[in-house]
Q: 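Structure provided below as C-alpha cells; questions to follow.
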Amino acid sequence: MSSRAAIEQAKGILMLLTGCTDQVAFDLLSHISGHTHRKLRDVASAITASATGGAGLPADIRGILRDACPPGTTRT
C-alpha cells in the first residue's frame, strides 16, 4: 500500500509541474522507470522525497523531468 501512496503522490507532483492529466503523469513515471532501470515505486519515492526536501533528485531522473518540463515554461 505504501508503494501506491508514493505513486499517487508523485503523479500529483508531476501533474502540478507539467499541467498534465493523471494518465499522462503515470505514463511519465513509467517512462522514467524504464529509462533509468528503476522500479516505478522507487522513481515515485525519489520524486516525492525531492519535492518535500527530503533528498535531492538523482541526476538521471532530473534530466528526464527537465526534458518533460523545461525551466521557464508556463502552464496555461
Side-chain angles (χ1 to χ4, degrees):
M1 281 308 248
S2 65
S3 295
R4 181 172 290 183
I7 291 167
E8 291 300 319
Q9 288 174 343
K11 282 175 26 183
I13 292 164
L14 293 175
M15 290 167 66
L16 283 172
L17 287 174
T18 65
C20 67
T21 65
D22 109 328
Q23 182 61 52
V24 172
F26 183 80
D27 293 345
L28 181 54
L29 282 174
S30 297
H31 173 79
I32 294 168
S33 174
H35 280 75
T36 62
H37 307 289
R38 288 184 168 92
K39 292 181 180 180
L40 187 71
R41 68 174 178 251
D42 294 338
V43 171
S45 293
I47 290 171
T48 303
S50 176
T52 60
L57 199 57
D60 53 351
I61 295 174
R62 189 173 52 244
I64 294 170
L65 285 175
R66 190 179 311 119
D67 291 343
C69 184
T73 59
T74 57
R75 295 180 348 181
T76 57

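Residue numbers count from 1 along this sequence.
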Q: Is there any salt bridge (charged side-chain N to carboxylate O under 4.0 Å, His left out) pair reaching into residues 48-57, and which pairs are they, with sequence neighbours excluded?
A: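 Residue pairs with at least one partner in residues 48-57: there are none.
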Q: Nearest 0.5 angstrom please: Ile7 CD1 to Asp42 CG, how far?
A: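 Reported to 0.5 Å precision, the distance equals 9.5 Å.
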Q: Could you list all the ring pair (Phe, Tyr, Trp, His ring centres under 6.0 Å) pairs where at least one residue sits in residues 6-25, not counting sequence neighbours?
A: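 Residue pairs passing ring pair (Phe, Tyr, Trp, His ring centres under 6.0 Å), neighbours aside: none found.
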Q: Hey, what do you get for OG1 (Thr21) to CG (Leu14), rounding to the nearest 0.5 Å?
A: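 If I round to the nearest 0.5 Å, the distance is 11.0 Å.
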Q: Which donor-acceptor pairs under 3.5 Å do the side chains of residues 23-33 make with protein atoms, sequence neighbours left out?
A:
unit_1: Gln23; atom_1: NE2; unit_2: Asp27; atom_2: OD1; d: 2.8
unit_1: Ser30; atom_1: OG; unit_2: Phe26; atom_2: O; d: 3.1
unit_1: His31; atom_1: ND1; unit_2: His35; atom_2: ND1; d: 3.4
unit_1: Ser33; atom_1: OG; unit_2: Arg38; atom_2: O; d: 2.5
unit_1: Ser33; atom_1: OG; unit_2: Leu40; atom_2: N; d: 3.4

Q: Got a list of side-chain donor-acceptor pairs under 3.5 Å for residues 48-56, not counting sequence neighbours?
A:
unit_1: Thr48; atom_1: OG1; unit_2: Ala44; atom_2: O; d: 2.9
unit_1: Thr52; atom_1: OG1; unit_2: Thr48; atom_2: O; d: 3.1
unit_1: Thr52; atom_1: OG1; unit_2: Ala49; atom_2: O; d: 3.2

Q: Check side-chain contact (heavy atoms from CB on, under 4.5 Å) between Asp22 and all other residues, then give those that pass, not counting sequence neighbours.
A: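 With sequence neighbours excluded, Asp22 shows a side-chain contact (heavy atoms from CB on, under 4.5 Å) to Lys11, Met15, given in chain and number order.
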